[in-house]
Peer 1: 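Take this structure, written in structure tokens, and hold onto it; I'll ask about it next.
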Amino acid sequence: MSILDGLNPAQRQAAATIDGPVLVLAGAGSGKTRVLTYRIAHLVREKNVAPWNILAVTFTNKAAGEMRERVETLVGDQSSDIHIGTFHAICARFLRIEATAFGLDPHFTIYDEDDRRALMRRVLKSLDIPEEDLGPRSAIGQISRAKNAMLTPALFAQQANDNNIQRRLAEVYIAYETQLRQVNALDFDDLLVELVRQLKSNPDVLRKYQERFQYLLVDEYQDTNRPQYLLIQQLAALHRNLCCVGDDDQSIYQFRGADIRNILDFERDYPEAQTVRLEQNYRSTGRILAAANAVIQNNQDRKGKQLWTQEAAGEPLLLAQCDTDRREARFIVTTLRQQLMDPQYSLSDAAILYRTNAQSRALEEELQRSGINYIIVGGIRFYERKEIKDLLAYLRLLVNHADDISLRRIINTPKRGIGDTTITGLQAFAQHQSLSMLAALEILDQWPGLNSRTRNSLEKFRTLMNQLAQAKETLDLANLGETIFEASGYRQQLQDEASPEAEAREQNIAQLIADMTEFCHNEDEPTLEFFLEEKSLMSSVDEAEPGDALTLMTLHSAKGLEFPLIFISGLEENLFPTSRAVEEARTRPAAIEEERRLFYVGITRARQRLWLSYASRRFAYGTLITTEPSRFLNEIPAELMVVREEGNKTEYSRGARSSPPIKTSQQSARITRQAPPKRQQAKGIHYEYDAPSSQAHAIDPHIDHNQVIDEEDFLAIGRWVLHNRWGKGKIVAREGQGNAMKLTILFAHNQLKRVMVAYAQLEPA
DNA sequence: CAGCGGTTCATTTTT
DNA sequence: TGAACCGCTG
């Protein structure tokens, strides 16, 4: 008897191989979290590994929380001693613990995108670089890339050729780093990069961690970037008991520096590594999985995997071609309503996925009109709201006096009559005195030519901050938050405004203070530092509250999640794939592949039903633009999908594309659901196409289900076959075997179609 | 200094 | 469409 008995053979191998490096290539829905948690349970309960000798790293806090929960049910109390966390959280924690050894100030602040941008603005201004030459956005992006390539400012400057822009950028990088250090802050990239560097130059500290973490587990390995890879390599170097779980087909963060080589080259980096493939999918119906497989097969750059399932074929996918984005929203709402008539489904079983956050607006309007309860994952995060960031800025400044960016944020919030001129003046004065802006407030009498009115306002602010600093020493976290809200005059300002928005803001702050109370109760060490750290590293996915609501989110946010009912909207060229990808693909065709993987991720989120949609006309940038259906739609075998037209018939350009997936409304109206494929002796693929009786009505009674196909005989290249929809055609190409077999057939009017044998009703012609 | 109105610009994706 | 930024006025 072993804990691992409940796993399938591949899963068991992945979980039981605990000595040496293991790479688990886990397809979507193949039970990778199960493997990870059972592996941990196996280590602790059956191999007597001490919990604190295990480190498990995930991508999101949510994944970490889930893993901890599931491990807890398997091993009980001991789970609390296992190190489970996100890369960023773990790095932040180690950096703080080892701050002294690393020569860092342990009170460092973690800067998010907003703070980073504010700092960059300041840098660009100080270097007199006009916005047209280099915007803060672009500068941040390029510097982030440099950091993730482990390039220090000095190295970057060296590499910068005589190219003017590069040299300029090097200057910006240097100034940015200097200022970051001056305000005692680290950005997201730094958390990783800094720890990797410090461990390299402090071998004794590294040794300590290497000895402690005898067993390492990494989730979502395909999304690790260079510094993350290096960190893992450092930590695993001693024991080499490293288990990385990932799926190259689900790598969707390369734009942010995730390096697919980390997964593709695993065997090279760890020659003794064992590779385990998890290819049985436990999540989706046969048709959904077939669609996913068909789409991802268009990618060249992959290790190659073929997912299979024992689940029933399920319902066909449905593609709604809508005339406008508004109609698309209505289609989704109507369809959802229909589904909810079925008592087995509730609102929380459904999710709408889209490529960009901006697309949520049209959907939201329609949902509000219909009174459907929904939550948005990833819009504006709670901790990104202005009022929350304001209050947090007070807290940050109390912890880190050097944090000028936070000071600037709050020195005149709420209004204290301290304007831009004064702030810029204070900054210059502080710089001249080599002090932080907060410290400079203490020596205002040395500021020449300061008029008494301004001085007065500044002194009032100084008094406030000193008062709060005292409060910090005596009060607990929640009371401190309350005091700041009150003493700063923030509450007063909101009440004076007396608007619904102000009311909402006040509520949000009440929520923040409630969070603080909760934090005090839950944590062993509820320090202000740790509270801020937790909040800085919180992502929008982590905030999704359970409840009876429909979920709206980007495809990126959906990674790792699953829903019985999934809508993927906005399947249009230049939206999904994005215009950037389309553009880039003109010179580098592989550029489209990340978008395709994203589509693959979306499809594989669905357990039972999947709806796809696009709008021929859509509001973007405030105007109506016309669009074309996404190329990805052509990659889904027609047999898997029913097409329906929503709204007025619309023209679309047929272009040079040989097989537009769209039929006219007359045709599509008559398209009934496809019959399940004929039973075949699949070679190595175990599809079971026993349609549940509830679907019986969907099956065309005229099809002979027992007809046996001798594929070798009549499906050879050059043969003529009869398709129930397109008539007679000639087979021109064939790929795959058994149920995965696809044929390319030339039908009348030079119509070239790719069909899946498993779903097409083909007969010898 | 604050508040206003006008203009411009942007939409990937996020730890 | 909207947020974000700029410049003018009181």
Side-chain angles (χ1 to χ4, degrees), chain A residues 57-64 85-92 110-114 116-118 121 131-132 135-138 140-141 144 148 186-193 219-220 223-225 227-228 251-258 325 353-362 364-365 377-381 383-384 386 412-424 451 453-454 457 533 536-542 553-560 570 574-584 591 594-595 597-599 601-602 618-625:
Chain A
V57 194
T58 64
F59 207 64
T60 62
N61 293 300
K62 186 168 188 224
T86 65
F87 272 105
H88 294 269
I90 284 169
C91 290
I110 300 169
Y111 271 12
D112 67 10
E113 288 322 304
D114 263 10
R116 201 188 240 200
R117 215 177 56 219
R121 283 232 171 77
E131 180 97 24
E132 308 83 70
R137 207 191 142 76
S138 146
I140 287 170
S144 177
N148 285 321
L186 297 176
D187 63 27
F188 281 139
D189 297 327
D190 288 335
L191 292 176
L192 301 156
V193 171
D219 192 14
E220 306 281 15
D223 287 324
T224 52
N225 61 17
Q228 286 165 338
S251 166
I252 54 173
Y253 285 106
Q254 285 176 44
F255 74 94
R256 203 175 69 193
D325 50 351
L353 311 183
Y354 38 75
R355 183 62 181 81
T356 66
N357 277 310
Q359 287 168 253
S360 73
R361 190 148 295 141
E364 278 185 82
E365 277 172 22
V377 174
I380 312 131
R381 288 193 274 150
Y383 283 93
E384 272 169 9
K386 185 187 176 304
N412 198 32
T413 310
K415 303 263 180 291
R416 298 188 179 90
I418 302 174
D420 246 13
T421 334
T422 310
I423 296 173
T424 314
N451 72 53
R453 211 177 121 126
T454 321
S457 321
E533 183 172 304
S536 318
L537 297 175
M538 195 115 122
S539 81
S540 50
V541 185
D542 304 324
M553 64 188 148
T554 63
L555 287 133
H556 280 88
S557 301
K559 190 184 69 169
N574 296 317
L575 181 58
F576 191 18
T578 58
S579 49
R580 287 195 182 204
V582 171
E583 196 74 12
E584 203 187 329
E594 179 145 313
E595 296 286 308
R597 285 191 294 269
L598 194 54
F599 188 37
V601 166
R618 174 179 296 280
F619 265 104
Y621 303 106
T623 42
L624 203 59
I625 55 163

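Residue numbers start from 1 in every chain, and the chains themselves are labelled A, B, ... in the order their sequence lines are given, proteins ahead of strands. For the numbers below, each heavy atom of this structure counts, side chains included, while hydrogens, waters and symmetry mates do not. Keep in mind the model is a prediction, meaning the values are calculated, not measured.
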Peer 1: Using whole Å, what does the distance between atom C1' of nucleotide B:dT15 and atom CZ of A:Phe188 come to?
Peer 2: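 Going from CZ in A:Phe188 over to C1' in B:dT15 covers 6 Å.
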Peer 1: Going by the rule salt bridge (Lys or Arg N to Asp or Glu O under 4.0 Å), which residues pair with A:Lys415 if we only count those two or more places apart in sequence or in a different chain?
Peer 2: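 Partners of A:Lys415 by the salt bridge (Lys or Arg N to Asp or Glu O under 4.0 Å) criterion come out as none, since no residue qualifies.
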Peer 1: Report yes if at least one side-chain N or O of A:Thr554 is closer than 4.0 Å to OP1 or OP2 of B:dT14; otherwise report no.
Peer 2: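 Checking A:Thr554 against B:dT14: at least one side-chain N or O falls below 4.0 Å of OP1 or OP2.
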Peer 1: Among residues at least two apart in sequence or on other chains, which ones pass salt bridge (Lys or Arg N to Asp or Glu O under 4.0 Å) with A:Arg116?
Peer 2: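 Scan of A:Arg116 (salt bridge (Lys or Arg N to Asp or Glu O under 4.0 Å), adjacent residues dropped) gives A:Glu113, A:Asp187, A:Asp189.
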Peer 1: Could you tell me the separation between the CG atom of A:Asp420 and the P atom of B:dG3, rounded to a whole number of Å?
Peer 2: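 To the nearest whole Å, that distance equals 14 Å.
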Peer 1: What is the distance from CD of A:Glu584 to C1' of B:dT13, rounded to the nearest Å?
Peer 2: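 Going from A:Glu584 (CD) to B:dT13 (C1'), I get 14 Å.
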Peer 1: Is it the case that A:Lys559 places NZ or CZ above or below the six-membered ring of A:Tyr253, under 6.0 angstrom from the centre and within 45 degrees of the axis?
Peer 2: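 Pair A:Lys559/A:Tyr253 does not count as cation-pi.
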Peer 1: From CD1 of A:Ile423 over to P of B:dC1, roughly how many Å is that when rounded to an integer?
Peer 2: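 So the two atoms are 8 Å apart, to the nearest Å.
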Peer 1: Roughly how many Å is it from CZ in A:Arg116 to P in B:dT15, rounded to a whole number?
Peer 2: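 Atom CZ in A:Arg116 sits about 13 Å away from atom P in B:dT15.
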Peer 1: Applying salt bridge (Lys or Arg N to Asp or Glu O under 4.0 Å), can you list everything that pairs with A:Glu365, at least two apart in sequence or on another chain?
Peer 2: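 Expected list: none.
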Peer 1: Please report the distance, rounded to the nearest Å, between NZ in A:Lys62 and C1' in B:dT14.
Peer 2: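 Distance, rounded to whole Å: 16 Å.
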Peer 1: Assign each of A:Phe87 and A:Gly417 to its nearest nucleotide of DNA chain B by heavy atoms, then name whichever residue's nucleotide is nearer the 5' end.
Peer 2: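 By nearest-heavy-atom nucleotide position, the 5'-most residue is A:Gly417.
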Peer 1: Looking for any heavy atom pair under 4.0 Å, which part of the strands does A:Phe619 touch: base, sugar-phosphate only, or nothing?
Peer 2: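 Result for A:Phe619 = nothing.
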Peer 1: Could you pull out all residues at least two apart from A:Arg618 that satisfy salt bridge (Lys or Arg N to Asp or Glu O under 4.0 Å)?
Peer 2: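 A:Glu328, A:Glu572.
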Peer 1: Name the nucleic acid region contacted by A:Phe59, choosing base, sugar-phosphate or nothing; use a 4.0 angstrom heavy-atom cut-off, strictly under.
Peer 2: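 Touches sugar-phosphate only.
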Peer 1: Within the sub-3.5 Å range, which N or O atoms of nucleotides 9-12 of chain B have a protein N or O partner, and how far apart are they?
Peer 2:
from   : atom 1 : to       : atom 2 : distance (Å)
B:dT11 : OP2    : A:Arg137 : NE     : 3.4
B:dT11 : OP2    : A:Arg137 : NH1    : 3.1
B:dT12 : OP1    : A:Arg580 : NE     : 3.4
B:dT12 : OP1    : A:Arg580 : NH2    : 3.0
B:dT12 : OP2    : A:Arg580 : NE     : 3.3
B:dT12 : O2     : A:Arg355 : NH1    : 2.8
B:dT12 : O2     : A:Arg355 : NH2    : 2.1

Peer 1: Distance-only, no hydrogens or angles: does the A:Glu584 side chain make a donor-acceptor pair with backbone N or O of A:Ala581 under 3.5 Å?
Peer 2: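 No; zero donor-acceptor contacts below 3.5 Å.
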Peer 1: Between B:dT14 atom P and A:Met538 atom CE, what is the distance in whole Å?
Peer 2: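 Rounded to the whole Å, the gap is 16 Å.
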Peer 1: Give one of base, sugar-phosphate or nothing for A:Asn412, where a contact means two heavy atoms less than 4.0 Å apart.
Peer 2: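 Sugar-phosphate, backbone atoms only, no base.
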Peer 1: Can you tabulate the close N/O pairs, meaning under 3.5 Å, that link protein atoms to atoms of nucleotides 2-5 of chain C?
Peer 2:
from  : atom 1 : to       : atom 2 : distance (Å)
C:dC5 : OP1    : A:Arg121 : NH1    : 3.3
C:dC5 : OP1    : A:Arg121 : NH2    : 2.7

Peer 1: Check A:Gly417 against A:Asn412 and note the closest heavy-atom contact, atom names and distance.
Peer 2: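 Heavy-atom minimum between the residues: N-OD1, 3.3 Å.
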Peer 1: Could you state the atom-to-atom distance from CG of A:Asn61 to C1' of B:dT14 in whole Å?
Peer 2: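 These atoms are roughly 12 Å apart.
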Peer 1: Is any side-chain N of the basic residue among A:Glu594 and A:Arg597 closer than 4.0 Å to the acidic one's carboxylate O?
Peer 2: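 So A:Glu594 pairs with A:Arg597 through a salt bridge.
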Peer 1: When all nucleic acid strands are considered with a 4.0 Å heavy-atom cut-off, which category describes A:Thr422: base, sugar-phosphate, or nothing?
Peer 2: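 Sugar-phosphate only.
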Peer 1: Please classify the nucleic acid contact of A:Ile418 as base, sugar-phosphate, or nothing, using heavy-atom distances under 4.0 Å.
Peer 2: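 The answer is sugar-phosphate, as A:Ile418 gets under 4.0 Å only of primed atoms, P, OP1 or OP2.
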Peer 1: Working note: A:Glu364 + A:Ser360, criterion side-chain hydrogen bond (donor to acceptor under 3.5 Å, both in side chains); need CA distance, chi angles, decisive distance, verdict.
Peer 2: CA-CA 6 Å; A:Glu364 278 185 82; A:Ser360 73; 3.3 Å; yes
Peer 1: Without swapping roles, check the side chain of A:Gln228 against the backbone of A:Leu192 for a donor-acceptor pair under 3.5 Å.
Peer 2: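 No.
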Peer 1: Distance between the P atoms of B:dT13 and C:dA4, in whole angstroms?
Peer 2: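 To the nearest whole Å, 14 Å.
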